[in-house]
There are 2 protein chains.
Amino acid sequence: MTRPVGKIRDVAKATGLSIATVSRVMNGGKNVSPNTRDKVLAACKQLNYLPNPAARALSTSRSKTVAAIIPTIEHSIFAKYIASIEHSLAQRGYSLVIAISHGDLDEELAAAQKLLGMGAEAFILSGADHHPDLLDLFTQRGVPHVYSSIWQPASAAPSIGYDNTALARAAMDYLTGHGHHHIAVLHGPLTESDRTRDRQAGAQAAQRDGLTLDFHETSLDVAGGKAATRALLQSANRPSAIFCFSDVLALGALFALSEAGLRVPEDVSVMGFDNLDWSGETAPALTTINLPATRMGAEVGTQLMDHLDNGTPLGPVRLDGAIVERASVAPVTRRG
Amino acid sequence: MTRPVGKIRDVAKATGLSIATVSRVMNGGKNVSPNTRDKVLAACKQLNYLPNPAARALSTSRSKTVAAIIPTIEHSIFAKYIASIEHSLAQRGYSLVIAISHGDLDEELAAAQKLLGMGAEAFILSGADHHPDLLDLFTQRGVPHVYSSIWQPASAAPSIGYDNTALARAAMDYLTGHGHHHIAVLHGPLTESDRTRDRQAGAQAAQRDGLTLDFHETSLDVAGGKAATRALLQSANRPSAIFCFSDVLALGALFALSEAGLRVPEDVSVMGFDNLDWSGETAPALTTINLPATRMGAEVGTQLMDHLDNGTPLGPVRLDGAIVERASVAPVTRRG
DNA sequence: CCAAATTTTGTAACCGGTTACAATTTGATC
DNA sequence: GATCAAATTGTAACCGGTTACAAAATTTGG
């Protein structure tokens, strides 16, 4: 039985009050006598009334919706991040719309246009590398937006994230500190992600005499990590450590090594990047870099909401990651 | 420079045309002379005009937004599913809003109210087990909705998914067909998911003389699978096979087994459920049940959009899963 | 060249809320 | 009980589009 839902004028009629009063009750009910409030609330229940969101959005110019455009949601730290954003927004009655860009700037632009035309008030982007038209669009329309998963204080928009370069550098230092002189670095497509490029730069920066660094680009999934590892095991002198720019890649490396009959960390050390929820459970437990995905989601959410609600200015935030030492990296054994 | 964005009346003024004509141009431009269209489009660009979504939604009663409420997005098949829904919706200009219920009916209800008050036109739920008030809400307001990840033709709303019971049963038959007489079943919290309960019922149905079935409830993540497996390895007579209701659980089992020095499948067989993108990459490759998450997302999306756009009635769809044989299950070796 | 049919354009009434401002009621004080 | 301030309620003007219907312009064709 789908009887027509009530409108605010019906509620007003039913209670003998004016629509203004009903509206007041629906929005916190400040300056309304308790008696009136009860009457209105009862009528709402009875008439099955809920304020029309479009009408409300039209008169207030607020939709309480924020959009996140992410490169991918599958098998990665993004799921954790998105969950955190959603949680943070939901706390204050905001909703999250998402779009997936597949790491493509044009797709990202198209998604943003769609979401803008859908009512999104603010945008969460990944990285600092975007279509120029997208930035124009945001600037011209005054749409608040932040870059995330990156920390780059000089970027066009506030960046809320971690310093990929420094973190990758720290990992390299950790590895060389354990005596590794030949390290393979596994990473996803460089063209698709400035975060990956930053990490590469960080790893590169650790370069010095007596250190051999092999970079291998592969697809950003377990299969990619496995295939790349298999390939590098073919080569005559294999690295003593494999540094993966993602735990997912590291998982693939672990499997490839296991299949090749090599022990981790005795024969080869493996280091990851992300610290996903299962990273401590692998055999052996993965040494990796913890990324503050949950804190990042919370920070991004609250900053945007504070800005939308109170005009608090947006600002860059540097969240710190940290090496989490587990069992997959060991000091290199002297040989030759 | 954030100059105020143009409204439709500004465009009308700028072109010397009426707002009706501008509106026509913005919506397909049927019955508009090419000359006029060009003039309007130029003015739009020049004035930086985009139709206000709230105003449009108010007068058309359409928001082109559908909501999905899922139990979790992390470490599971849901990410793949959500990506597919988003893809399908984006094709036709629809947007996806998501909320996470953590498997709690009250949270789900609250999320639905929020999303309804945000403009969502249709809902995608998981499973068939929901708060009675939620169903009332949908029925009273005539909100289209489907249940997914489940197939249950008699349910209150159309269910679009696979038959969890039959699939679990098939997996059990596969395992017993390989000579397993003692099987441990690892599953997530029964109270949180009717899909889990269905799978349990399916596994239970395979029960017969000479078959020992041990059910173990654990947390639905790698750590849970690992812990449960460790625990069951303590017991005096260990199972010859472990059937996990999720590949994530199976991954945990694999790690626990590896740490215990047991070989898969020689010592213990492991079977999963989901067929995530990495399931074929584990060592050994995981025998599992493929769930059509991508097709499910597409089906859910198109059904809802067809219904919203053309009134096509919604209907249940049974998608089929299938056992994918890989290396983690072997015929039981005779012993005692 | 004019009438009728067709296409293009304009007018104005919605859609369903919020909110500034005015009007009314309540109640406190003398 | 009269006066004035504070609290409550009402009136009506928005918000910015869409669209039914009317009017004007254009095309058709006899």
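Reckoned from all heavy atoms, side chains included, excluding hydrogens, waters and symmetry mates. Because the structure is predicted, anything quoted here is derived from the model rather than measured. Note on naming: letters A, B, ... go to the chains in the order of the sequence lines (proteins, then strands), and numbering restarts at 1 for each one.
Heavy atoms from other residues, nucleotides or ligands lying under 6.0 Å from NE2 of His307(A) number more than 12.
Ile19(A) comes within contact range of at least one nucleobase, with a heavy-atom separation under 4.0 Å. Contact annotation for Thr60(A): backbone-only contact, meaning every heavy-atom pair under 4.0 Å involves sugar-phosphate atoms and none involves a base. Contacts of Thr36(A) with the nucleic acid, taken as non-hydrogen atoms under 4.0 Å apart, involve only primed sugar atoms and P, OP1 or OP2. Backbone-only contact: Asn52(B) has heavy atoms under 4.0 Å from sugar-phosphate atoms and none from a base. Using a 4.0 Å heavy-atom cutoff across all strands shown, Ser33(B) reaches sugar-phosphate atoms only and no base atom.
Rounded to a whole Å, the CE atom of Met26(A) is 13 Å from the C1' atom of dT18(C). Atom-to-atom, CG of Asn27(B) to P of dA20(D) comes out at 12 Å; the value is rounded to the nearest Å. The separation between Ile8(A) atom CD1 and dT9(D) atom P is 14 Å, rounded to whole Å. A straight line from CZ of Arg9(B) to C1' of dT18(D) spans 10 Å, rounded to a whole angstrom. With rounding to whole Å, Leu17(A) atom CG is found 15 Å from dA23(C) atom C1'. Atom CZ of Arg24(A) is separated from atom P of dT9(D) by 8 Å (rounded to the nearest Å). Spacing between atom CG of Asn35(A) and atom C1' of dA7(D) amounts to 14 Å, rounded to whole angstrom units. One atom, NZ of Lys39(B), and another, C1' of dT9(C), lie 11 Å apart when rounded to the nearest Å.
Not one side-chain nitrogen or oxygen of Asn31(A) sits closer than 4.0 Å to the OP1 or OP2 atom of dT9(D). Ser18(A) has a side-chain polar atom (N or O) that falls below the 4.0 Å cut-off from OP1 or OP2 of dG10(D).
Below the 3.5 angstrom threshold, one finds no donor paired with an acceptor across the side chain of Arg56(A) and the base of dG16(C).
The side chain of Ser59(B) approaches dT18(D) more closely than any other nucleotide in the set dT18(D), dT9(D), dG17(C). For Ala20(B), the side-chain atoms get nearest to dG10(C) when compared with the rest of dG10(C), dT18(C), dG16(D).
By the 30° and 60° cut-offs, the orientation of the rings of Phe123(B) relative to Phe138(B) is tilted.
A side-chain contact (heavy atoms from CB on, under 4.5 Å) with Val66(B) holds for exactly one of Ile98(B), Leu115(B), Leu89(B); it is Leu89(B).
Between the Thr139(B) side chain and the Leu137(B) main chain, no donor and acceptor come within less than 3.5 Å of each other.
Along DNA chain C, the nucleotide closest to Thr21(A) and the one closest to Leu58(A) are compared, and the more 5′ of them pairs with Leu58(A).
A donor-acceptor contact closer than 3.5 angstrom links the side chains of Asp309(A) and Tyr94(A).
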